[in-house]
Structures are given as structure tokens and as C-alpha cells.
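As C-alpha cells, the structure follows; a few thoughts come after it.
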Amino acid sequence: MNFWKRLFGSEKKLSQLKSTGQINATRLARNNDTPVLVAPVTGDLQKITDSRDEPFKTKNGVMLVPHGGNLMAPVSGIVTESTNDYLTLTDISEQTVTVTVTVVGTSNVVRLAQYGVGQQLHAGDVIGTTNQKVLSADHEALRIYVVWANQDLPNIRYGSVYAGQNVWQVGELQNDKESDS
């Protein structure tokens, strides 16, 4: 009996664990009319203006400092471009969302899956993996950027997130608490 079967007792529980991000995103989308934007990886969600990568500082998006694990599609949409370094999706509202990974110094930290143009992905679908061993040795080696080309940045909860967590803030809640000032 393999380790995962012993740990979770059955293949059913293991398959449920693998798809938790997609289940959370799908459940949120069905239960209310708010948009779903899931954290692509477990880690620290930060403002893109805090980026060390100059080309991204002026873009409209967010940055993640991952702690490892699988990378997930942040939104549901149709693939318009896919490479080893980035994945571009067009969501239902015709917005272009690009997930880009940047690696400093160390290779083989992350591997993005290759998708065909026109392929449909759902928020929470696994789109890549990180090398836990390399990432734990060099926590600063990888940054993940989620950038919107055609829209203003939605209200987002910054801070620690887990892969598959909906980070889109709805209503009056805001991170900077501008209304208190």
C-alpha cells in the first residue's frame, strides 16, 4: 500500500485533496454572482509595485512569493497563449489574464504545463508544479505574477494565502482601509 493511500485511507480522499482548489472556486462561483479569482499557489500575495522585477512594477496585477506546491489557474477562461514561462487566458468577460513565473539563479524551480490555444481551464485547475527541495533552499528564487491587460485591479486580499483560496474582495472591504482615513 502506498503512502498516500495509508495517509488518506482511500483513493477517493486523495483525489478530493488534489482538486480542493477547483472545488473551492467552483463552489464560490455557483453560490454567488461575485467573480472568482483564486490564489495560484500557497504563499504571500503582495502588491505588484513591491516587485524586484522592473518590467512588472508598472503593470496591473499581483505578485506571489510561493512557499511551494502546485500552481493553479487564477481564473476560468480560454487559453490564448502558453509557454514554459507564462500562460495567458481570456476570461468570460473578455479580460486577458497572464500568469508569469520568473526564476532567479536557480533552474528547475517551476514547471508550467503546455496548453493548446482554445483549451478551456477552470479557476483552480492545476497548471504547474514547483520543486519543493529547490524552493525551500532558496525561498527568493521564484516569483509568480498575475497581470490583467484590460481591466483595473480588483479589490484583493493581500497577505498569506493558500492555493485555491478566493482572494477577490467583494463590496466595501479594502486592504488599505481608505475609508478609515
Side-chain angles (χ1 to χ4, degrees), residues 4 11-43 45 48 51 53 55-56 59-103 106-132 134-135 141-154 156-157 161-170:
W4 292 109
E11 286 185 30
K12 182 179 179 186
K13 286 184 182 179
L14 175 59
S15 66
Q16 287 174 343
L17 178 69
K18 287 181 178 178
S19 61
T20 299
Q22 185 176 353
I23 291 169
N24 288 343
T26 304
R27 190 174 295 149
L28 282 165
R30 285 185 188 153
N31 290 341
N32 54 35
D33 294 332
T34 61
V36 175
L37 170 68
V38 302
V41 68
T42 299
L45 184 63
I48 203 164
S51 170
D53 299 315
F56 290 100
K59 300 224 179 193
N60 187 24
V62 296
M63 172 182 73
L64 281 121
V65 179
H67 297 304
N70 291 329
L71 276 74
M72 298 182 175
V75 296
S76 296
I78 305 297
V79 175
T80 55
E81 196 170 354
S82 178
T83 71
N84 291 332
D85 299 324
Y86 65 91
L87 173 69
T88 303
L89 299 167
T90 301
D91 69 9
I92 193 161
S93 59
E94 299 296 320
Q95 302 299 320
T96 302
V97 179
T98 303
V99 178
T100 305
V101 294
T102 62
V103 179
T106 312
S107 61
N108 297 328
V109 176
V110 66
R111 170 184 258 145
L112 281 180
Q114 295 286 313
Y115 294 97
V117 172
Q119 189 169 351
Q120 181 178 359
L121 292 175
H122 300 282
D125 282 351
V126 175
I127 60 171
T129 60
T130 59
N131 185 325
Q132 295 286 104
V134 174
L135 195 57
L142 178 65
R143 293 289 185 269
I144 298 170
Y145 297 95
V146 179
V147 176
W148 289 264
N150 314 354
Q151 134 181 346
D152 290 331
L153 187 65
I156 294 178
R157 284 184 218 112
V161 294
Y162 62 88
Q165 175 184 352
N166 187 18
V167 294
W168 196 298
Q169 250 179 273
V170 182

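Computed from a predicted model, the values in this text were never measured in an experiment.
Residues Thr96 and Thr90 are in side-chain contact: their nearest non-hydrogen atoms beyond the backbone lie under 4.5 Å apart. Side-chain atoms of Leu71 and Val101, non-hydrogen and from C-beta on, do get closer than 4.5 Å to each other. Side-chain atoms of Val161 and Leu64, non-hydrogen and from C-beta on, do get closer than 4.5 Å to each other. A 4.5 Å side-chain heavy-atom check between Val41 and His67 finds every atom pair outside the cut-off.
Listed here is the closest heavy atom pair of Ala73 and Val38: O-CG2, 3.1 Å. Residues Asn166 and Leu37 come closest through the heavy atom pair OD1-O, 3.0 Å. Taking both residues in full, the closest heavy atoms of Tyr115 and Leu121 are given as CE2-CD2, 3.7 Å, listed atom of the first, atom of the second, then distance. The minimum heavy-atom distance linking Thr42 with Ala163 is given by the pair OG1-N, 3.0 Å. Considering all non-hydrogen atoms of both residues, Asp53 and Ser51 come closest at N-OG, 2.8 Å. What you find for Pro74 and Ala123 is that their closest heavy atoms are O-CB, 4.0 Å.
Screening Leu87, Val79, Leu89 against Ile127 for a side-chain contact (heavy atoms from CB on, under 4.5 Å) leaves a single residue, Leu87.
To the nearest 0.5 angstrom, Thr102 atom OG1 is 4.5 Å from Tyr145 atom OH. Atom OG1 of Thr129 sits about 8.5 Å away from atom CG of Leu112, to the nearest 0.5 Å. In this structure, CD in Gln114 is found 11.0 Å from CD in Gln119, a value given to the nearest 0.5 Å. Atom CD1 of Ile144 sits about 11.0 Å away from atom CG of Leu45, to the nearest 0.5 Å.
At distances below 3.5 Å, not a single donor-acceptor pair connects side-chain atoms of Thr88 with backbone N or O atoms of Thr98. Side-chain atoms of Gln95 never come within 3.5 Å of backbone atoms of Ala149 as a donor-acceptor pair (strictly under, hydrogens ignored).
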Quiz item: Step by step, would you call Thr100 with Val147 a side-chain contact (heavy atoms from CB on, under 4.5 Å)?
Solution: CA-CA 8 Å; Thr100 305; Val147 176; 5.6 Å; no
